[in-house]
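Structure first, commentary second.
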Amino acid sequence: MIFHDFAAKNYALADTLSSGQAFRWREVNGAWEGVIDANWIRLSQSKSGIRAEVLQPVADWRWLSDYLQNEVDLDSVISSFPEDPHMAKAVESSRGLRLLRQDPWECLASFILSSTKQIVQIQQIVDLVCSRFGQSLRVPDGHPPAFSFPSAERIASLTESELRCCKMGFRAPYLKGSAEMIVSGEVKLADLFANNIEEARAELMKLPGVGRKIADCVLLFAYGFQQAFPIDVWILKALQQLYFPKRKQSPKKMTEFTESYFGPNAGYAQQYLFHYMRTRIGRASK
DNA sequence: TCAGACCCTCACAG
DNA sequence: ACTGTGAGGGTCT
């Protein structure tokens, strides 16, 4: 086992890994186990930051630092949020929550599978997809097996009914269709980093099963467009209750509001609001 | 703009 | 234990 410690001030590892950005992390005895690319990995909170455990020697840890985004100056991000009591509460309730920087294909595929599903169900589907069609990975002795996320080529090669066996239902043709467009080069995921957010969003929305919300999730969680603000039912409910308690806003108005109100790090603000609604309010008011 | 369909699973009543 | 019902990080037509 190989250890590496990352300096990270103000990093809420558990909140970050369980916040519905990524679906492959599980808490095991106080640590978090998951897969990044083709590496099984265990993460835990340490005094000065984050401790990582892997099984093979690593020459350059930048891939993990990129993923974790531990070098982002969170204080300056938070200070860019609008000053209002709701944001203040959301930040206070999970200070240290971060945005990850995930692989575009895995992120895209995961969110195609997310529509009208609860987070636990998404995790279950993603797990099934990986264990059936991913590549088996090295894990510690005696540890349950772990698998990589299957490539777009692999998904494109499967039949719809093979995919439906993973309990993804009507999302199966969306996932397969998107994989095919990526394999054919009709949409080039690697090129979107060079685009501006509107162009990148338009490209993603060419894919079947990808509308505005899922596109924004991918822009935010994989490409690092921090102004992207995915609006789902939770956030919609939060915005409606907190900012427009009197008057119901149309989806279009709400989008305009988020684009102007939350600033350059709107995506971070969204993540804090989402986490706040889901963990604090959602449960109590249900 | 606006329903309704879309698969499937789980939680929760009765 | 068994069946019925509703809703779940949306998208498409």
Side-chain angles (χ1 to χ4, degrees), chain A residues 15-25 90 94 97 99-100 102 104 106-129 132 155 158-181 187 201-223 225 228-242 248-256 258 262 266-286:
Chain A
D15 280 339
T16 299
L17 298 181
S18 67
S19 62
Q21 304 177 56
F23 302 99
R24 306 200 59 200
W25 294 98
S94 55
L97 175 64
L99 291 177
L100 300 169
Q102 302 177 57
E106 176 171 342
C107 183
L108 170 67
S110 299
F111 278 94
I112 288 173
L113 298 175
S114 76
S115 69
T116 53
K117 282 286 179 195
Q118 303 181 94
I119 288 177
V120 285
Q121 296 179 305
I122 303 165
Q123 291 171 340
Q124 183 189 19
I125 297 169
V126 170
D127 273 350
L128 279 171
V129 169
R132 279 171 180 266
I155 296 291
L158 301 169
T159 64
E160 190 183 314
S161 61
E162 284 177 302
L163 290 171
R164 280 181 189 256
C165 290
C166 300
K167 305 183 179 179
M168 66 180 76
F170 63 78
R171 301 155 196 82
Y174 294 156
L175 183 63
K176 183 171 165 59
S178 289
E180 285 168 347
M181 284 178 70
V187 170
R201 181 187 289 126
E203 280 301 297
L204 290 171
M205 289 176 68
K206 287 181 183 170
L207 299 166
V210 180
R212 170 73 187 238
K213 189 269 171 183
I214 289 176
D216 279 349
C217 285
V218 179
L219 292 173
L220 185 60
F221 301 141
Y223 289 96
F225 286 103
F229 192 106
I231 299 182
D232 58 57
V233 291
W234 286 92
I235 287 296
L236 193 59
K237 199 165 70 173
L239 295 173
Q240 190 66 59
Q241 280 176 15
L242 300 176
K248 192 166 188 305
Q249 300 294 300
S250 71
K252 196 178 172 205
K253 285 278 180 201
M254 204 59 104
T255 299
E256 287 169 7
T258 62
F262 289 100
Y268 257 97
Q270 184 271 2
Q271 198 61 17
Y272 275 91
L273 282 173
F274 178 71
H275 196 65
Y276 179 57
M277 281 302 281
R278 200 165 75 83
T279 57
R280 274 75 185 181
I281 299 175
R283 203 159 299 189
S285 71
K286 213 171 174 184

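Chain letters run A, B, ... following the sequence lines, proteins first and then strands; every chain starts at 1.
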Roughly how many Å is it from [atom1] in [X] to [atom2] in [N], rounded to a whole number?
| X | N | atom1 | atom2 | result |
| --- | --- | --- | --- | --- |
| A:W234 | C:dA7 | CH2 | P | 14 Å |
| A:K237 | C:dG10 | NZ | P | 12 Å |
| A:F274 | C:dG10 | CZ | C1' | 13 Å |

Among all residues two or more places apart in sequence or in another chain, which pass the side-chain contact (heavy atoms from CB on, under 4.5 Å) test with [X]?
| X | result |
| --- | --- |
| A:K248 | A:Q240 |
| A:E160 | A:R164, A:A172, A:P173 |
| A:E180 | A:A156, A:K176 |

If I pick the [atom1] atom on [M] and the same atom on [N], what distance separates them, to the nearest angstrom?
| N | M | atom1 | answer |
| --- | --- | --- | --- |
| C:dG6 | B:dG4 | P | 15 Å |
| B:dT1 | C:dG9 | C1' | 23 Å |
| B:dC7 | C:dT3 | P | 24 Å |

Reading DNA chain B from 5' to 3', where do the contacts with chain A start and stop? Cut-off is 4.0 Å to heavy atoms.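 Here the contact window of chain A covers B:dC6 to B:dC10.
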Checking [X] now: which residues fulfil side-chain hydrogen bond (donor to acceptor under 3.5 Å, both in side chains) with it, not counting sequence neighbours?
| X | answer |
| --- | --- |
| A:D15 | A:H275 |
| A:T159 | A:S161, A:E162 |
| A:S18 | none |

At 4.0 Å (heavy atoms only), tell me whether A:G20 reaches a base, stays on the sugar-phosphate, or touches nothing.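 It contacts base atoms.
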Under 4.0 Å between any heavy atoms, over every strand shown, what does A:Q123 touch: base, sugar-phosphate, or nothing? Just pick one.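 The residue A:Q123 makes no contact with any strand.
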Contacts of A:K206 that satisfy salt bridge (charged side-chain N to carboxylate O under 4.0 Å, His left out) - sequence neighbours left out: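 Checked A:K206 against salt bridge (charged side-chain N to carboxylate O under 4.0 Å, His left out); matches are A:E203.
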Partner set under salt bridge (charged side-chain N to carboxylate O under 4.0 Å, His left out) for A:R201, not counting sequence neighbours: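 A:R201 satisfies salt bridge (charged side-chain N to carboxylate O under 4.0 Å, His left out) with A:D216 once adjacent residues are dropped.
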Identify, residue by residue, the members of residues 163-170 of chain A with a heavy atom below 4.0 Å from DNA chain B, and return them in order of residue number, or none.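 Here the set is A:R164, A:K167, A:G169, A:F170.
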Given Watson-Crick and G-U pairs under 3.5 Å, DNA chain C in dot-bracket ([ ] crossing, | other strand) is .|||||||.||||
Set of residues satisfying ring pair (Phe, Tyr, Trp, His ring centres under 6.0 Å) with respect to A:F262, sequence neighbours excluded: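 Only A:F229, A:Y243, A:F257 meet the ring pair (Phe, Tyr, Trp, His ring centres under 6.0 Å) criterion with A:F262.
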Please figure out whether A:Q124 or A:Y174 has its closest DNA chain B nucleotide nearer the 5' end.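 Result of the comparison: A:Y174.
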